[in-house]
Number of protein chains: 2
Amino acid sequence: MKSEIEVFREFIRKKGLRNTPEREAIIKEIFATHDHFDVDELYLRLKNKKQKISKPSIYRLIPYLLESGLIQEAYFEDGHLHYEHIYGHEHHCHLRCLKCGKIIEFEEKSLKKIEKKLAEKHDFFIKAHKFEALGYCSKCKVNI
Amino acid sequence: MKSEIEVFREFIRKKGLRNTPEREAIIKEIFATHDHFDVDELYLRLKNKKQKISKPSIYRLIPYLLESGLIQEAYFEDGHLHYEHIYGHEHHCHLRCLKCGKIIEFEEKSLKKIEKKLAEKHDFFIKAHKFEALGYCSKCKVNI
DNA sequence: GTATGTGCAAATCATTTGCATTCTC
DNA sequence: GAGAATGCAAATGATTTGCACATAC
């Protein structure tokens, strides 16, 4: 299986764009942890590693990462989008606590079937899906 | 079945807050169409009807509308959140075209079962779920 | 060599806040 | 009458853009 960097290089080449060390550093950092990320946090993680990469470079890269299928928007919270890397990882969905913000990831194969059904019914080519369940976790549900 | 205004009045009373004609006008406008809405668009709709209601009043009302269960966040697009009224309507999910932005709503009962399963497995109290399928509509999929 | 990418600083856009005034209860 | 809510204008915070310089191809 190709690495995420290889996938990106191929994508960039096909689009006639240029690759840079900044872009590869950002991608490596995104794939360095399992967690979701947001722009500011990713910027700080890179900064802590003494990588001088500006926020605009991150913002400018994101549309390409989405288009190449390396990442996906996960959810909108605290006034900004959160992303997750999806290449090479089992697709998963989120269960989010509305009180403490805790997020549990889970896998649900049956969603794939629903996706297929929808594609046929509405004549869509479905690329991805997002399923998010919102509620209160075991700790928070006691005093809603 | 209570009207949305009645539901809101009750919610406001329970919380010890105050109701105002501005709030009721906003709620009426939200429920006046079947469509999703965003703050700016709602503001303009009210303005066109010569209702002088400021954007901050809308922004300040939204958390209460979410809390009372009258509306729900639908999706984040074009740099801002889009909402939908959910009180008195069949719950539905979205199928969105990544190219033209077309949105198809659909109902999927089996998601309710998945929700229940998750609630048991992770000891959550689940209040709502969002399912969004992303892809290309019949027209757009021909030239991706 | 050319055109794309970068960092910086400034601009933009959605949302929030401070405050004086108005209104609900 | 007290405390909330409103509108306005200003502040905030995320994201985008203009531009001069650097660099990938």
Side-chain angles (χ1 to χ4, degrees), chain A residues 5-6 8-30 36-68 71 73-83, chain B residues 5-6 8-30 36-47 49-68 70-71 73-83:
Chain A
I5 295 290
E6 287 164 337
F8 186 70
R9 284 180 187 154
E10 201 169 301
F11 171 80
I12 281 297
R13 186 158 29 80
K14 270 190 197 146
K15 298 269 288 185
L17 298 171
R18 292 168 194 180
N19 199 8
T20 65
E22 287 84 353
R23 290 181 168 181
E24 297 208 351
I26 294 168
I27 294 168
K28 272 184 193 141
E29 190 55 43
I30 288 171
H36 302 151
F37 67 95
D38 58 57
V39 172
D40 195 58
E41 177 212 311
L42 181 59
Y43 170 74
L44 293 174
R45 272 160 59 190
L46 286 160
K47 196 175 185 175
N48 285 341
K49 296 191 178 169
K50 313 295 175 208
Q51 313 243 33
K52 288 196 221 73
I53 289 168
S54 69
K55 280 193 197 178
S57 290
I58 299 176
Y59 278 113
R60 283 186 272 232
L61 181 59
I62 283 177
Y64 295 137
L65 297 179
L66 291 168
E67 195 182 340
S68 62
I71 69 167
E73 292 177 1
Y75 48 87
F76 182 85
E77 197 178 40
D78 297 327
H80 55 266
L81 275 169
H82 296 247
Y83 302 88
Chain B
I5 295 291
E6 285 164 341
F8 186 71
R9 283 180 188 153
E10 201 168 300
F11 171 82
I12 280 297
R13 185 156 31 79
K14 269 190 196 144
K15 299 269 287 184
L17 297 171
R18 290 166 194 182
N19 199 8
T20 66
E22 286 85 354
R23 291 179 166 181
E24 298 208 349
I26 294 168
I27 295 168
K28 272 183 193 144
E29 190 55 42
I30 288 171
H36 302 151
F37 67 95
D38 59 55
V39 172
D40 194 59
E41 176 212 311
L42 182 59
Y43 170 73
L44 292 175
R45 270 160 60 188
L46 286 160
K47 196 174 184 176
K49 295 190 179 171
K50 313 294 173 209
Q51 311 243 35
K52 288 196 220 74
I53 290 169
S54 69
K55 279 192 197 181
S57 290
I58 299 175
Y59 278 112
R60 282 187 272 233
L61 181 59
I62 283 177
Y64 295 137
L65 297 180
L66 290 168
E67 195 182 341
S68 62
L70 290 176
I71 69 169
E73 292 176 0
Y75 49 87
F76 182 86
E77 198 180 38
D78 296 328
H80 54 264
L81 276 169
H82 295 247
Y83 302 88

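Chain identifiers are assigned alphabetically (A, B, ...) following the order of the sequence lines, protein sequences preceding nucleic acid strands; residue numbering begins at 1 within each chain. For the numbers below, each heavy atom of this structure counts, side chains included, while hydrogens, waters and symmetry mates do not.
- At D/dG7, one or more side-chain N or O atoms of B/S57 fall inside 4.0 Å of OP1 or OP2 (strictly under the cut-off).
- Here the P atom of nucleotide C/dA11 and the OH atom of A/Y59 are 19 Å apart, to the nearest Å.
- Going from atom CG of A/D78 over to atom C1' of C/dT15 covers 14 Å, rounded to whole Å.
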Please tabulate, one pair per line, all N/O donor-acceptor pairs under 3.5 Å involving side-chain atoms of residues 57-65 of chain A, not counting sequence neighbours.
{"from": "A/S57", "atom 1": "OG", "to": "A/S54", "atom 2": "OG", "distance (Å)": "3.2"}

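- Side-chain contact check for B/K14 versus B/E10: some heavy-atom pair is nearer than 4.5 Å.
- Residues A/F37 and A/I71 have side chains in contact (heavy-atom distance under 4.5 Å, counting atoms from C-beta outward).
- Taking each heavy atom of B/E73 and B/L66 in turn, the nearest pair found is N-CD2, 3.9 Å.
- Proximity of B/K55 to B/D40: side-chain heavy atoms (C-beta onward) are separated by under 4.5 Å at one or more points.
- The separation between A/I27 atom CD1 and C/dG5 atom P is 13 Å, rounded to whole Å.
- Rounded to whole angstrom, the span from the CZ atom of B/F8 across to the P atom of C/dT24 amounts to 14 Å.
- Atom-to-atom, CZ of B/R60 to P of C/dG18 comes out at 11 Å; the value is rounded to the nearest Å.
- The rotation axes computed at either terminus of the helix from C/dG1-D/dC25 to C/dC25-D/dG1 lie 40° apart, taking five pairs at each end and rounding to 10 degrees.
- Across all strands, A/K55 comes closer than 4.0 Å to no nucleic acid atom at all (heavy-atom distances).
- Looking at every heavy atom in both residues, A/E29 comes nearest to A/L46 through CB-CD2, 3.7 Å.
- Counting heavy atoms from C-beta on, the side chains of B/K49 and B/R45 never come closer than 4.5 Å.
- DNA chain C is contacted by A/L17, A/R18, A/T20, A/E22, A/R23 of residues 15-23 of chain A, taking any non-hydrogen atom closer than 4.0 Å.
- Relative orientation of the A/H82 and A/Y75 rings is parallel, given thresholds of 30° and 60° on the angle between their planes.
- Counting to the nearest Å, the C1' atom of C/dG5 and the CD1 atom of A/I58 are 14 Å from each other.
- Nearest heavy-atom pair across B/R9 and B/N19 is CG-ND2, 3.5 Å.
- Put simply, OH on B/Y43 is 13 Å from C1' on D/dT6, counting in whole angstrom units.
- If you measure from atom NE2 of A/H82 to atom P of D/dA14, you get 10 Å, rounded to the nearest angstrom.
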